[in-house]
Amino acid sequence: MVVFKLFLMGLLYFGATAIVLEDDRKALLNFMNNLPHSRSLNWDSNSTNVCNHWTGVTCNEDGSRVIGLRLPGVGFHGHIPANTIGKLSSLQILSLRSNAISGEFPTDFYDLKNLSLLYLQFNQFSGSLPLDFTIWKNLTIVNLSNNKFNGSIPVSISNLTRLSALNLANNSLIGGIPDLGVYDLQVLDLSHNRLTGIVPKSLRKFPKSAFSGNDLSMVYSSDEVPIVMPTRKPVSSSKNGEKLGEKAVLATIVVVSAVVFTGFAVFWIVCCLRKNGGDGVSSKLEKGGMSPEKAISRSQDANNRLVFFEGCSYAFDLEDLLRASAEVLGKGTFGMSYKAILEDGTSVVVKRLKELSVGKREFEQQMGVVGGIKHENVIELRAYYYSKDEKLTVCEYYGEGSVAAMLHGKRGEDRVPLTWETRLRIAIGAARGIARIHAEIGGKLVHGNIKSSNVFLNPQSYGCISDVGLSTIMSQIAAPIARAAGYRAPEITDTRKATQPSDVYSFGVLLLELLTGKSPVHTTSGDEVIHLVRWVHSVVREEWTGEVFDVELLKYPNIEEEMVEMLQIAMSCVARVVDQRPKMTEVVKMVEDVRRNTESENRPCLPESSSPVPPSDVLE
Ligand SMILES: *[C@@H]1O[C@H](CO)[C@@H](O)[C@H](O)[C@H]1NC(C)=O
Ligand SMILES: *[C@@H]1O[C@H](CO)[C@@H](O)[C@H](O)[C@H]1NC(C)=O
Ligand SMILES: *[C@@H]1O[C@H](CO)[C@@H](O)[C@H](O)[C@H]1NC(C)=O
Ligand SMILES: *[C@@H]1O[C@H](CO)[C@@H](O)[C@H](O)[C@H]1NC(C)=O
Ligand SMILES: *[C@@H]1O[C@H](CO)[C@@H](O)[C@H](O)[C@H]1NC(C)=O
Ligand SMILES: *[C@@H]1O[C@H](CO)[C@@H](O)[C@H](O)[C@H]1NC(C)=O
Ligand SMILES: *[C@@H]1O[C@H](CO)[C@@H](O)[C@H](O)[C@H]1NC(C)=O
């Protein structure tokens, strides 16, 4: 029922005139001539017009390199010969699915450094998977299902920051599942292998069917590290240059923060309770196992301070912290996040920032601004910590997960669809939060990284914005992740130079995501890459407005008008021309009015297909 208007990457390059690199042409011909196949291909060896005429071949913009090769179901059988596909060094998309290709994973593929989508499902590949997946930094979708791969799942997959889908089902993989704490991972299928052990916590958001047909336990995993009493090691022990493993780092963070908190608590006790004679202090500290002098000098020596925004009223208690337990929440754009649970049940998110682009002073200034924002639609920064080796932020924790996880996370039977009411409240809350952020520093603060994984539900179930103020102080290397690209306004090339209008654009994409239930950049089962904004433009232009909406929303009665209105707001936010986008304060009013308008009876109905977008604005 939903009509998909597909944007094949190849179509964008239609009409290229240059001659494809001779080496690419040779490699393709070599491949066709040396790998037996049952259906013939129209690859005419005399033709130079590789880009426009050869079945399954897609070229780059100037037609000089082959960047896509899709040959599903051609009846290829046997081993992939050397010096063929591996020579197509610009390849980004490779689909050889549904053939009968055998042999090990071709070592030639190591040369395909730009590979982003890899579809090899339904073949006869065997042997182990490549040990080092990190050579393919851009891998986004990997489908190796329905082959005969054996060996174990390489740990290196967890280093693929752009990975969004991984399907290894129906192979003979053995061993444990590594903690693929890949934050952007949206689709995972490891079913029907011979995997053993435990499903790591970070993967339990996926439906049980993703792990079925193995010998796995869902019960408990090693990444929930119970906190031990802090060791007597001084804070600076992490400075002697050793590289710590991620697991060790987690433990270190917890211990370091606990020690730092201890130092803080001592200050707290000394500064706030001195009046009371300080009698309770020494007994408390003895329980903590250290003398006040030591703790104070230690934290002064290290010149490391956990800076709280609420000063002495903060509810952390020394013993609470010592007993806090922590778990990995995931790998975000700017670093790992951990959840620390205090004894009284309070949870906080500790974010470990990597690669700041600014020094301590600017960092502290920025944190000061962010910490000053107290708003129900902005996740509150409780504290931060800066030292040479570690930069941490401590924020409120909201248990229901991000909007991204709610919209795209759970699939299958146990999925709870988001109601229209909830989506409306997410939109209203997020808009208010962003508007509040934009009012900061004399109306100049920019968020820079608005996306559904940075929006949570506050206790009133309204949207609530996280990661405030980070994008402008983090270095660029950390920032561009494939998924984030779907939110980025066309005029923005460097995320540190984001603007308030580009925030408005990203918010528009978030609205589209709420309306369509689709990710900003996603692929269909037929390997096509779809940009949400372009897709919605095309559907709306063709007057199929009704086809845009998430099928999960269609069961609610009488919301069509509200959805169409919200769609129009979204479209005005994602206007290509910067000046045509509304200001965030205007967006708030418009989004709030969606419900108000439909509640007043005298309002004329909108024609369903009315489109706010002039046709010229549709395709770039
Ligand atoms: C290619 O050209 C040569 C001579 O120009 C000709 O003999 C041959 O049949 C052509 N091959 C194809 C596949 O058209
Ligand atoms: C990989 O992609 C980037 C940008 O998309 C391009 O600049 C680079 O030349 C590509 N590498 C190869 C080997 O084509
Ligand atoms: C990956 O993609 C980015 C941009 O999408 C590009 O700049 C880069 O060259 C690509 N290749 C590698 C190996 O990172
Ligand atoms: C994996 O398969 C290959 C060949 O198919 C075989 O030689 C090897 O022993 C197998 N390894 C394991 C661990 O089963
Ligand atoms: C991988 O292939 C299987 C089998 O064709 C298919 O069901 C699944 O949707 C594919 N997964 C991805 C992520 O492309
Ligand atoms: C993953 O990346 C980290 C650093 O980012 C590196 O230390 C580690 O060796 C990598 N792991 C694998 C398996 O490549
Ligand atoms: C795995 O194989 C089973 C049985 O052939 C099939 O029902 C299932 O769909 C396959 N899974 C995937 C992901 O292709």
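Only this structure's heavy atoms are used, side chains among them; waters, hydrogens and symmetry mates stay out. Residues take their numbers from the sequence shown, with the count starting at 1. Since we're looking at a predicted model, the values are computed, not measured. Each ligand, and each atom within it, is numbered from 1 in the order the structure gives.
- Rounding to the nearest 0.5 Å places CG of N454 at 8.0 Å from OG of S402.
- Atoms of ligand 7 lying under 4.0 Å from at least one heavy atom of D189, given by number and element, are 13 (C).
- Closer than 4.0 Å to atom 7 (O) of ligand 7 lies none of the heavy atoms of the protein.
- Using a 30° and 60° split on the angle between ring planes, F125 and F105 fall in the tilted class, from 30° to 60°.
- Between N146 and ligand 7, an N or O atom pair is found at a separation short of 3.5 Å.
- A salt bridge is absent between D111 and K87: the closest approach of a Lys/Arg side-chain nitrogen to an acidic carboxylate oxygen does not fall below 4.0 angstrom.
- Note that atom 4 (C) of ligand 4 has no protein non-hydrogen atoms nearby, at separations under 4.0 angstrom.
- Aromatic ring orientation, W136 versus Y110: parallel (interplanar angle below 30°, classes split at 30° and 60°).
- Ranking protein heavy atoms by distance to atom 9 (O) of ligand 7, first place goes to N170 ND2, 4.8 Å.
- Short contacts between ligand 4 and S126, defined as distances under 4.0 Å to a heavy atom of the residue, involve ligand atoms 5 (O).
- For atom 11 (N) of ligand 4, a protein heavy-atom neighbour is found at a distance under 4.0 Å.
- Between H37 and F76, the ring-plane angle classifies as tilted under the 30° and 60° cut-offs.
- Annotation: H192 places no N or O atom under 3.5 Å from an N or O atom of ligand 7; distance criterion only.
- Between D467 and K351 there is a salt bridge, with a side-chain nitrogen of the basic residue lying less than 4.0 Å from a carboxylate oxygen of the acidic one.
- Under a 4.0 Å N-O distance rule, the pair R581/E491 qualifies as a salt bridge.
- Not one N or O of Q92 is nearer than 3.5 Å to an N or O of ligand 2, by distance alone.
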T55 and N42: CA distance, side-chain angles, deciding distance, side-chain hydrogen bond (donor to acceptor under 3.5 Å, both in side chains) verdict: CA-CA 6 Å; T55 301; N42 71 344; 2.8 Å; yes

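- In terms of polar-atom proximity, defined here as any N/O pair under 3.5 Å, S90 does make such a contact with ligand 2.
- Residues L195 and I153 have side chains in contact (heavy-atom distance under 4.5 Å, counting atoms from C-beta outward).
- The A169 neighbourhood of ligand 7 comprises atoms 13 (C), with distances under 4.0 Å to a heavy atom of that residue.
- Taking every heavy atom of N150 and a limit of under 4.0 angstrom, the matching atoms of ligand 4 come to 1 (C), 2 (O), 3 (C), 8 (C), 10 (C), 11 (N), 12 (C), 14 (O).
- Distance check for atom 14 (O) of ligand 4: a protein heavy atom is found below 4.0 Å.
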